[in-house]
Amino acid sequence: MPIPVIIDCDPGTDDAVALLLAFASPELSVLAVTVAGGNAGLHCTLPNALALTALANSPTPVHAGADRPLLGRFRSEPGVHGDDGLGGVKLPPGGQPAPGLAADVIRSLLRSHPEPLTLIGIGPATNLAIALATEPALAKKVARIVLMSGSREAGNVTPEAEFNAWSDPEALSILLDAGRPVVFATLELTAQALVTPARIAAWRARGSGSCLQAACDIQASVPPSPRFGRRGAPLHDPCAVAWLIRPDLFTVRPCSVRVDLGPGPGRGRTLFDPGGRTGDPPNATVLETLDADGFFELLGQRLANLP
Ligand code: BDR
Ligand code: CA
């Protein structure tokens, strides 16, 4: 039976590939896509999610969500994702957002679905946190929360904080306190998923479908990261989705995790304690290693199966 999931996202060059991977994968049943502002403003991320869903010919409803974090002001990431969130790659426009706002729809699906649902969070965690904070009893209907979030060492937006965790740390803290299993694809994991020109070329050679070619164009727009000697850029968000599809490509470790909610320069950094030094019981699972060749092969196969 496919795993029923809700994907909360902020497309986003890497969110785009994560969504296409999910739509192409029979292991998952995507009940809804909910969207927040993040990599770009909601006025861009929402049409991007709609366009990607239409391009994949997916019937999945797409819902608008938060355009800002729970606290503080909204900040986007144009240096990586361009002003429009997709690196300037133009897709045919999608349809209209489905009725209902993200947090309401998440709660409604949790309430009504016969099985517990898996929540996949690959943007700022605002929508998921509002849903769970406004009806905490629904946490028992959450099978697990799988996040691209956090870093164990260096950050990518401040010296210590990863973008999604930093964008809405209070929301991440609410998810960590929900009492459900949380799985983290951190920056250390996604650093193992470098998109290089050679990997894009290998995808391109797999076919002429619109989704495959759009994924290649979008990835080609991402500036190579100085963190990796400009060899390529990490493909963060598809790691979280791929773990649900092919957990055999990963190794994992239980861990306790907290997020820094202070106002200072450490705000949004995640504190992973795999050795148990804090005395906190493990509240999360951290994805530690990735079979990168297997991951890119999976993506190439699945993207090539889409329209
Ligand atoms: C995360 O932040 C965004 O820029 C990406 O889409 C990813 O979700 C990586 O830090
Ligand atoms: Ca994202």
Side-chain angles (χ1 to χ4, degrees), residues 5-22 33-42 44-46 48-49 52 62 65-67 69 74-87 89 102 119-128 145-169 171-172 175 182-195 215 218-219 221-228 232-243 259 267-270 272 286-287 290 299:
V5 303
I6 298 171
I7 303 181
D8 187 58
C9 60
D10 62 333
T13 54
D14 56 333
D15 305 68
V17 178
L19 285 174
L20 295 176
L21 172 63
V33 169
T34 54
V35 188
N39 290 315
L42 185 68
C44 293
T45 56
L46 181 60
N48 290 347
L52 289 156
V62 177
D67 68 354
F74 172 75
R75 281 170 289 194
S76 63
E77 187 73 309
V80 175
H81 303 270
D83 289 336
D84 64 356
L86 294 183
V89 174
L119 306 178
I120 302 177
I122 54 177
T126 322
N127 293 329
L128 298 174
I145 303 170
V146 185
L147 301 176
M148 190 287 128
S149 185
S151 66
R152 292 167 71 169
E153 292 161 15
N156 63 351
V157 60
T158 71
E160 293 183 288
E162 180 278 333
F163 179 77
N164 289 339
W166 170 87
S167 292
D168 196 339
L172 177 57
L175 299 189
V182 183
V183 178
F184 278 86
T186 65
L187 289 182
E188 289 74 22
L189 186 278
T190 66
Q192 299 165 51
L194 268 202
V195 189
I218 291 167
Q219 287 312 307
S221 78
V222 178
S225 168
R227 284 198 294 141
F228 302 97
L235 191 55
H236 306 285
D237 293 341
C239 293
V241 176
W243 177 73
V259 56
R267 180 168 169 78
R269 79 188 156 133
T270 42
F272 286 84
V286 179
L287 307 182
L290 170 69
L299 280 164

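Basis for what follows: all heavy atoms, side chains included, without hydrogens, waters or symmetry-related copies. For this chain, numbers begin at 1 and follow the sequence in order. Whatever order the structure lists ligands and atoms in, that order sets their numbers, starting from 1.
Asp84 and Asn48 share no side-chain donor-acceptor pair at under 3.5 Å. With 3.5 Å as the limit, one finds a donor-acceptor pair spanning the side chains of Asp8 and Thr34. At a cut-off of 3.5 Å, with distance as the only test, a side-chain donor of Thr126 or Asp168 sits close to an acceptor on the other residue. For the residue pair Glu160 / Thr158, no side-chain donor-acceptor distance below 3.5 Å is found, with atom types taken as modelled.
Among Thr190, Val157, Leu187, Leu189, the one residue that satisfies the side chain to side chain contact (heavy atoms under 4.5 Å, CB included) test with Ser151 is Leu187. Put simply, the residue from His81, His236, Glu77 that forms a side-chain hydrogen bond (donor to acceptor under 3.5 Å, both in side chains) with Thr13 is His81.
Within the protein, the N, O or S atoms sitting under 3.0 Å from the Ca ion (ligand 2) are Asp10 OD1, Asp15 OD1, Asp15 OD2, Ile122 O, Asp237 OD2.
Atoms CZ and CG, from Phe184 and Leu172 in turn, are 5.0 Å apart once rounded to the nearest 0.5 Å. To the nearest 0.5 Å, atom CG of residue Leu235 and atom CG of residue Asp14 are 6.0 Å apart. For the atom pair CG of Asp10 and CG of Asn164, the computed distance is 6.0 Å after rounding to the nearest 0.5 Å.
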Tabulate distances under 3.5 Å between N/O atoms of ligand 1 and N/O atoms of the protein, writing both atom names on each line.
from     : atom 1 : to     : atom 2 : distance (Å)
ligand 1 : 2 (O)  : Asn164 : OD1    : 3.4
ligand 1 : 4 (O)  : Asn39  : OD1    : 2.6
ligand 1 : 4 (O)  : His81  : NE2    : 2.9
ligand 1 : 6 (O)  : Asp14  : OD1    : 2.6
ligand 1 : 6 (O)  : Asp14  : OD2    : 3.2
ligand 1 : 6 (O)  : Asp15  : OD1    : 3.0
ligand 1 : 6 (O)  : Asn39  : ND2    : 2.9
ligand 1 : 6 (O)  : Asp237 : OD2    : 3.2
ligand 1 : 8 (O)  : Ile122 : O      : 3.1
ligand 1 : 8 (O)  : Asn164 : ND2    : 2.9
ligand 1 : 8 (O)  : Asp237 : OD1    : 2.6
ligand 1 : 8 (O)  : Asp237 : OD2    : 3.0
ligand 1 : 10 (O) : Asn156 : ND2    : 2.8
ligand 1 : 10 (O) : Glu162 : OE2    : 2.5

